[in-house]
Protein chains: 2
Amino acid sequence: MTISEIDRRIIGLLERDARMSFAELAETVGLSKTPCWNRVKALEAEGLIRGYRAAVDPAGMGFGIEALVQVSIRPEMFEPFEREVRAHPLVRRAHATTGEADYLLHIMAADMAALDRLLRMEISQLPGVTRTVTAMITRDIKSENSLSEAHRHAGL
Amino acid sequence: MTISEIDRRIIGLLERDARMSFAELAETVGLSKTPCWNRVKALEAEGLIRGYRAAVDPAGMGFGIEALVQVSIRPEMFEPFEREVRAHPLVRRAHATTGEADYLLHIMAADMAALDRLLRMEISQLPGVTRTVTAMITRDIKSENSLSEAHRHAGL
DNA sequence: CCTGAAATTATCTTAAC
DNA sequence: GTTAAGATAATTTCAGG
């Protein structure tokens with residue numbers, strides 16, 4: 001399933017603005033509306049485009065503080081641990097990783113008091129947790145890259 | 001700028017599906033179309049809703065490998081370092097952090113050979129870099145939470 | 001704040017080249 | 001791959017409570 005240059009451009013445009021009309025999209029990539037529409041539907045059906053989401057501002061929603069937590073757990077507890085991580089609203093993202101810890105959690109809180117409570121009362125009490133190491137996020141350098149540009153850059 | 005329950009529900013629905021029609025949105029939150037439309041436009045104008053983006057599948061785009069890189073730099077080089085991080089297509093996200101390192105970079109590559117090249121030839125050659133520590137992402141546990149649900153949970 | 005309706009655009013389908 | 005036309009459904013504006 002190789003990705004054509006036109007598909008890549010369509011993806012890049014929709015990554016920036018998911019509400020661009022088919023007319024504008026088609027004109028920008030140099031296609032007429034019908035084939036452009038067909039390609040977008042195909043990209044959705046293949047699962048390359050998973051959906052369309054509003055990008056919301058965490059600070060604007062009152063979450064002034066974000067942190068990264070490395071978590072080590074007892075290996076046999078991975079299943080309930082992961083379930084609760086997925087269910088916890090203040091865990092923004094979570095990855096299983098190699099290295100010193102087993103997971104990296106990106107968490108949010110309204111302020112330092114709330115972060116302290118979240119770490120001591122909730123994160124460190126999750127199933128199987130043996131150790132946490134927390135780093136504060138002091139600034140966001142880059143929020144999300146374009147997979148379309150990454151794809152072009154990587155020569156795929 | 002306090003957020004009403006209705007605004008919060010609108011945000012939650014648009015986080016899941018940015019292409020929901022105003023008619024459906026309005027019906028779901030129990031409003032008629034015009035006030036619902038006005039609220040969405042106000043949320044966009046305030047910057048609470050930053051935009052609408054297609055969610056693209058990294059693996060589908062050929063990026064089978066992701067990694068987290070802790071980066072330490074010489075402090076006086078922070079500006080060119082951050083500029084190049086922002087410009088690099090294979091850096092998916094970047095945060096400035098407290099702790100042992102100065103930054104955490106989330107990077108992508110097509111395969112191990114490409115990751116090796118990216119780390120040795122590009123990331124570690126960025127301006128001012130003195131040290132990198134890389135952890136592979138072995139699995140995604142959670143991709144992005146709902147800020148609407150987080151807001152409700154936090155009692156804001 | 002809300003309702004409802006009208007004007008304008010966009011989506012999606014269909015047909016034909 | 002293209003154009004074009006038309007039905008449906010959406011967005012956006014506006015008059016009025």
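Chain A is the first sequence line, chain B the second, and so forth, proteins listed ahead of strands; every chain is numbered from 1.
One atom, CD of A:E24, and another, P of C:dT11, lie 10 Å apart when rounded to the nearest Å. The CH2-C1' distance, from B:W37 to D:dT13, rounds to 8 Å in whole Å. One atom, CD of A:E27, and another, P of C:dT11, lie 14 Å apart when rounded to the nearest Å.
Under the rule for a side chain to side chain contact (heavy atoms under 4.5 Å, CB included), the partners of A:R83 that lie at least two apart in sequence or sit in another chain are A:E79, A:P80. In this structure B:N145 satisfies the side chain to side chain contact (heavy atoms under 4.5 Å, CB included) test together with A:R92, A:M108, B:K142, B:A150, sequence neighbours excluded. For A:A42, the side chain to side chain contact (heavy atoms under 4.5 Å, CB included) criterion is met by A:E46, not counting sequence neighbours. Residues satisfying the salt bridge (charged side-chain N to carboxylate O under 4.0 Å, His left out) criterion with B:D140, sequence neighbours excluded, are absent altogether.
Within the structure, the ring-ring contact (aromatic ring centres under 6.0 Å, His included) test picks out no pair touching residues 125-150 of chain B (sequence neighbours left out). Residue pairs meeting the salt bridge (Lys or Arg N to Asp or Glu O under 4.0 Å) criterion with at least one partner in residues 52-68 of chain B, sequence neighbours excluded, are A:R50-B:D57. For the salt bridge (Lys or Arg N to Asp or Glu O under 4.0 Å) condition, the pairs that include at least one residue of residues 101-119 of chain A, sequence neighbours left out, are A:D116-A:R120.
Taking Ile, Leu, Val, Met, Phe, Trp and Tyr as hydrophobic and joining them when side-chain heavy atoms fall under 4.5 Å apart, one finds B:M121 isolated, its cluster having no other members. Applying the under-4.5 Å side-chain rule to Ile, Leu, Val, Met, Phe, Trp and Tyr, the cluster around B:L68 extends to A:L68, A:L104, A:I137, B:L104, B:I137.
Listed in residue order, the members of residues 14-22 of chain A having a heavy atom less than 4.0 Å from DNA chain C are A:S21, A:F22.
Stem analysis of DNA chain D (Watson-Crick or G-U pairs, both distances under 3.5 Å, runs of at least three) returns C:2-17 with D:1-16.
Classified by interplanar angle (parallel below 30°, tilted 30° to 60°, perpendicular above 60°), the ring pair A:H151/B:F63 is perpendicular.
C:dC1 and D:dG16 have their P atoms separated by 22 Å, given to the nearest Å.
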Please list, pair by pair, any protein nitrogen or oxygen found under 3.5 Å from a nitrogen or oxygen in nucleotides 1-3 of chain D.
| residue | atom | partner | partner atom | Å |
| --- | --- | --- | --- | --- |
| D:dT3 | OP2 | A:S32 | OG | 2.7 |

